[in-house]
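The first residue in the sequence is number 1, and the count goes up from there.
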Amino acid sequence: MPRLSEVIAALENLWPAERAESWDAVGTVVGDPDQEVTRILFAVDPVQEIADEAVRLGADLLVTHHPLYLRGTTTVAASTFKGRVVHTLIKNDVALHVAHTNADTADPGVSDALAGALDLRVTGPLVPDPSDPEGRRGLGRICVLDHPLSVRELADRAAERLPATAQGIRVAGDPDAVVRTVAVSGGSGDSLFDQVRAAGVDAFLTADLRHHPASEARENTPLALLDAAHWATEWPWCELAASQLDEISDRHGWDLRVHVSKTVTDPWTAHAASSHPSPATALPTSAQRAPSESTAGAPN
């Protein structure tokens, strides 16, 4: 039965902390290095619902993709929601470890898991890590389809294969355009448009696309955009990471029980589709009507 320090060493080998971005907050947040570990839970978000799930499961270690304290703090008081998470974990002997941007650029990493969920063949990183002589690590992935799909068909595949969310998949571009090559990036991806354009792909699937970057990208190229929920694009990594730890456990004879949370922690909970006419087809207001349509003199 391994100690936490041994399991953390294995995780650090998969996702070295020194490969995280300078602004990131990765590594072990709470936990006694000498405590024994038998059960581990992987999840995207270290929110209270996930902490409670770890406790119910009897997990000794919770591994999340998103940091608990990204910008630091001066308090872990239980009167704050993050402090309450810390209290819950410590009271129940659950350690917390974070792998964020060091998991994004890993080989395999977050975008490999996203590509795998969509049956896309990875040909290389979108933004290569210059420190990797083999050219396999980096941010995002460039992928090819086994056979061409329309943008609509690719969006349907993403909606079917990724975890269901209120947002679903938003599309910008011609739904009938043919897609042979795709760039993918788990999580927020609209800072990567220059690299996506340079890659010359037909489509870009990511999350959190904002109006202005998306609009400019569409004006510059015929690139199709597929915008999924942030949580949904990163959840497949949890299954990949769990399988990696399972393999390490088998190799060391640790007999760890590794679980992936199915709890949806995407913050958006509902979606209302627009049903009224668009501005171009809407009826004119009374102020815009032609004289023959005037309501002057009509009965009250």
Side-chain angles (χ1 to χ4, degrees), residues 24 41-51 53 62-68 70 81 85 98-101 103-105 108-120 122 126 139-141 143 149-173 175 179 182-193 196 201 203-215 217-218 223-242 260-274:
D24 206 357
L41 178 65
F42 281 87
V44 175
D45 296 302
V47 294
Q48 187 64 43
E49 191 173 10
I50 296 298
E53 180 179 351
L62 170 62
V63 181
T64 66
H65 182 52
H66 289 152
L68 180 63
L70 182 58
F81 100 79
V85 169
V98 173
H100 192 211
T101 53
D104 286 334
T105 58
V110 171
S111 293
D112 291 292
L114 174 58
L118 301 176
D119 281 341
L120 304 175
V122 173
L126 178 62
L139 192 61
R141 293 294 184 267
C143 310
L149 295 176
S150 68
V151 171
R152 180 184 288 105
E153 289 170 330
L154 180 59
D156 288 342
R157 177 184 292 189
E160 178 185 352
R161 303 287 182 82
L162 295 180
T165 61
Q167 172 181 320
I169 309 296
R170 298 190 302 175
V171 174
V179 177
V182 187
V184 300
S185 181
S188 304
D190 64 15
S191 64
L192 303 176
F193 276 131
V196 172
V201 293
F204 181 34
L205 190 151
T206 187
D208 297 341
L209 292 180
R210 296 168 295 163
H211 174 87
H212 293 295
S215 177
R218 287 289 305 139
L223 178 71
L225 305 178
L226 291 85
D227 183 40
H230 188 121
W231 173 83
T233 63
E234 293 180 331
W235 185 85
W237 171 81
C238 295
E239 291 196 321
L240 169 64
V260 174
S261 174
K262 301 290 196 295
T263 302
V264 178
T265 55
D266 186 71
W268 306 105
T269 57
H271 170 78
S274 300

Shortest non-hydrogen contact from [X] toward [Y]:
X      : Y      : value
Phe193 : Ala214 : CE1-N, 4.0 Å
Ala155 : Val171 : CB-CG2, 3.6 Å
Gly189 : Leu209 : C-CD2, 4.5 Å
Val260 : Ala242 : CG2-CB, 3.6 Å
Ala166 : Ala270 : CB-N, 3.4 Å
Ala241 : Phe42  : CB-CE2, 3.6 Å

Does [X] reach the main-chain N or O of [Y] with its side chain, forming a donor-acceptor pair under 3.5 Å?
X      : Y      : answer
Ser111 : Gly186 : yes
His65  : Ala99  : yes
Thr206 : Ser185 : yes

From [X] [atom1] over to [Y] [atom2], what is the distance, rounded to the nearest 0.5 angstrom?
X      : Y      : atom1 : atom2 : value
Thr263 : Asp45  : OG1   : CG    : 10.5 Å
Glu234 : Thr265 : CD    : OG1   : 10.0 Å
Cys143 : Asp119 : SG    : CG    : 11.0 Å
Arg161 : Leu114 : CZ    : CG    : 12.0 Å

> Among all residues two or more places apart in sequence or in another chain, which pass the salt bridge (Lys or Arg N to Asp or Glu O under 4.0 Å) test with Asp112?
Replying inline: Arg141
> salt bridge (Lys or Arg N to Asp or Glu O under 4.0 Å) with Asp227: which residues, sequence neighbours excluded?
Replying inline: Arg170
Run the side chain to side chain contact (heavy atoms under 4.5 Å, CB included) test against [X] and tell me which residues pass, sequence neighbours left out.
X      : value
Val264 : Trp231, Asp266
Arg152 : Ser150, Asp156, Pro175, Asp176
Thr105 : Leu139
Ala228 : Leu162, Ile169, Thr233

By side chain to side chain donor-acceptor pair (under 3.5 Å), which residues pair with [X], not counting sequence neighbours?
X      : answer
His100 : Asp24
Gln48  : Asp52, Thr88
Arg218 : none

Considering only heavy atoms from C-beta outward, does the side chain of [X] approach that of [Y] to under 4.5 Å?
X      : Y      : value
Leu240 : Pro108 : yes
Asp190 : Asp208 : no
His230 : Val44  : no
Thr64  : Val98  : yes
Trp268 : Thr165 : no

>> Take a 6.0 Å sphere around CZ of Arg210 and say whether it holds more than 12 heavy atoms from other residues, nucleotides or ligands.
In response: no
> Is there a side-chain hydrogen bond (donor to acceptor under 3.5 Å, both in side chains) between Ser261 and Glu53 once you walk through the steps?
Replying inline: CA-CA 8 Å; Ser261 174; Glu53 180 179 351; 2.8 Å; yes
